[in-house]
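Naming: A, B, ... by sequence-line order, numbering from 1 per chain. Because the structure is predicted, anything quoted here is derived from the model rather than measured.
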Number of protein chains: 2
Amino acid sequence: MGMGTGTWRIADLACEFGVTARTIRFYEDKGLLAPRREGGQRVYEARDRVRLALVLRGRRLGFSLDEIAAIVDMYDAEPGEAGQLEYLLGQIDIRRADLEQRRDDLDQTLAELDAVATRCRDHLARLRAGS
Amino acid sequence: MGMGTGTWRIADLACEFGVTARTIRFYEDKGLLAPRREGGQRVYEARDRVRLALVLRGRRLGFSLDEIAAIVDMYDAEPGEAGQLEYLLGQIDIRRADLEQRRDDLDQTLAELDAVATRCRDHLARLRAGS
DNA sequence: CTTTACGTTGACGTCAACGTAAAGCACCCC
DNA sequence: GGGGTGCTTTACGTTGACGTCAACGTAAAG
């Protein structure tokens with residue numbers, strides 16, 4: 001860390017998470033992050049780091065920033081009234097369906113790649129054995 | 001199908017897979033598809049459909065078209081010589097690692113969404129029970 | 001043979017997710 | 001006070017993945 005205990009500057013986070021400062025500022029612009037300011041400079045705390053990690057995980061999964069915002073916002077939604085809670089449950093179901101579709105796609109792709117690899121190794125073995 | 005048995009026109013595929021004809025032509029431009037031509041018009045056969053399905057699955061997974069091209073090309077790579085086979089096996093390993101990282105991310109996200117949902121339902125129950 | 005629907009190839013527009021460059025403030029060091 | 005480092009904002013550039021539009025060919029129906 002580059003500051004008082006438990007706080008980080010933008011370059012610290014950028015380095016740690018392997019992104020540029022520009023990217024982090026861009027995410028803030030899009031409402032994905034909201035760090036404290038200390039004399040104009042951004043100061044990140046633990047919860048900001050967690051949010052950034054969530055955003056980057058969403059990115060690895062191929063979600064758009066809008067989708068990521070929707071997901072991350074579910075995490076720290078305040079309880080609220082019954083209607084809100086039911087709405088949130090509905091949104092979660094939608095995301096769940098999406099994620100499970102992705103897992104199916106993913107498992108299929110993995111299985112097929114394995115099949116190709118097996119075919120590959122078979123062929124190699126045959127080659128080495130002198131056809 | 002809109003033509004002789006086992007062949008389709010571009011609009012047929014577009015409708016069936018829920019994309020526009022423009023998208024299909026774009027994929028061809030990028031080398032992801034290579035349909036037969038019949039008097040200037042594209043004619044798709046079963047293998048073209050399979051390839052399109054693979055491309056769209058890759059898209060759902062959030063891969064770029066370049067990555068998709070790399071993956072799909074592994075599927076119908078000809079055996080070739082030993083060097084080629086070893087290179088292909090290496091590429092497959094890289095893809096595998098990527099896909100497995102994604103699955104980890106995915107499972108974590110699913111688990112966390114479930115946790116949120118559970119919290120949500122608990123709160124709802126407490127609300128209905130009169131605080 | 002004309003109409004109508006669907007196809008083709010460019011070419012340019014658009015949107016997301018940043019990259020990059022410019023210009024300026026704050027602080028530290030010598 | 002000159003130089004360096006690190007931060008800030010503003011603004012324009014870039015790339016990928018298409019959408020959209022114009023201008024034109026073609027195939028099937030009446």
Side-chain angles (χ1 to χ4, degrees), chain A residues 1-4 7-45 48-49 51-73 98 105, chain B residues 1-5 7-45 48-49 51-73 98:
Chain A
M1 10 178 169
M3 307 187 65
T7 74
W8 296 264
R9 291 167 308 173
I10 194 166
D12 301 326
L13 283 193
C15 174
E16 177 178 352
F17 287 98
V19 297
T20 68
R22 172 71 174 98
T23 297
I24 296 181
R25 291 196 197 98
F26 183 72
Y27 291 164
E28 180 176 347
D29 228 52
K30 294 292 162 182
L32 292 167
L33 298 173
R36 223 176 63 211
R37 296 297 182 116
E38 215 166 86
Q41 316 234 150
R42 295 170 173 85
V43 176
Y44 299 87
E45 303 182 17
D48 298 312
R49 286 192 27 164
R51 276 186 80 94
L52 179 54
L54 289 177
V55 170
L56 294 179
R57 198 177 64 191
R59 190 174 79 160
R60 283 196 302 273
L61 287 172
F63 286 112
S64 76
L65 292 188
D66 284 0
E67 291 173 315
I68 292 175
I71 295 175
V72 173
D73 285 350
D98 187 358
D105 285 337
Chain B
M1 11 178 166
M3 307 187 66
T5 0
T7 75
W8 296 265
R9 290 168 308 174
I10 194 166
D12 301 326
L13 284 193
C15 175
E16 177 179 353
F17 286 98
V19 298
T20 68
R22 172 72 174 96
T23 298
I24 297 181
R25 291 196 199 98
F26 183 72
Y27 290 164
E28 180 175 347
D29 226 53
K30 294 293 164 181
L32 292 168
L33 299 172
R36 222 177 64 211
R37 296 298 182 114
E38 216 166 84
Q41 316 229 155
R42 294 168 173 86
V43 175
Y44 299 88
E45 304 181 17
D48 298 312
R49 286 192 28 165
R51 275 185 82 95
L52 179 54
L54 289 177
V55 170
L56 294 179
R57 197 176 66 191
R59 191 174 81 162
R60 283 197 303 274
L61 287 172
F63 286 113
S64 76
L65 292 188
D66 284 1
E67 291 172 314
I68 293 176
I71 296 175
V72 173
D73 284 350
D98 186 358

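Remark: C1' of C:dT8 and CG of B:D29 are 13 Å apart, rounded to the nearest angstrom. As a whole-Å value, the separation of B:I24 CD1 from C:dC6 P is 15 Å. Rounded to whole angstrom, the span from the OH atom of B:Y44 across to the P atom of C:dC6 amounts to 16 Å. Between the CZ atom of B:R37 and the P atom of C:dT8 there is a distance of 6 Å, given to the nearest Å. Rounded to whole Å, atom P of D:dC7 lies 8 Å from atom CD1 of A:I10.
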Stepwise, does the side-chain hydrogen bond (donor to acceptor under 3.5 Å, both in side chains) test hold for B:Y27 with B:R59?
-> CA-CA 11 Å; B:Y27 290 164; B:R59 191 174 81 162; 3.3 Å; yes

Residue pair B:E45, B:R36: steps toward the side-chain contact (heavy atoms from CB on, under 4.5 Å) verdict = CA-CA 8 Å; B:E45 304 181 17; B:R36 222 177 64 211; 2.3 Å; yes

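As judged by a 4.0 angstrom heavy-atom cut-off over every strand, A:A11 is placed among residues touching the sugar-phosphate backbone only.
In this model, the phosphate group of D:dG6 is not approached by any side-chain N or O of A:R42 to a distance below 4.0 Å at OP1 or OP2.
Residues B:I24 and B:F17 are not in side-chain contact: their nearest non-hydrogen atoms beyond the backbone lie 4.5 Å or more apart. Contact of the B:Y44 side chain with the B:T7 side chain is not registered, since no non-hydrogen atoms from C-beta on lie closer than 4.5 Å. Inter-residue side-chain proximity for A:V43 and A:R37 is flagged as unmet; no heavy-atom pair is nearer than 4.5 Å.
The pair A:R49-A:D12 does not meet the salt-bridge criterion, since no charged nitrogen lies less than 4.0 angstrom from a carboxylate oxygen.
Using N1 to N3 plus N6-O4 or O6-N4 for Watson-Crick, or N1-O2 and O6-N3 for G-U wobble, each under 3.5 Å, C:dC30 pairs with D:dG1. Across all strands shown, D:dT26 forms a Watson-Crick or G-U wobble pair with C:dA5, both key distances being under 3.5 Å.
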Which parts of nucleotides 15-25 of chain D does protein reach within less than 4.0 Å, heavy atoms only, written one letter per nucleotide 5' to 3' as B for base, S for sugar-phosphate only and - for none?
-> --BBBB----B

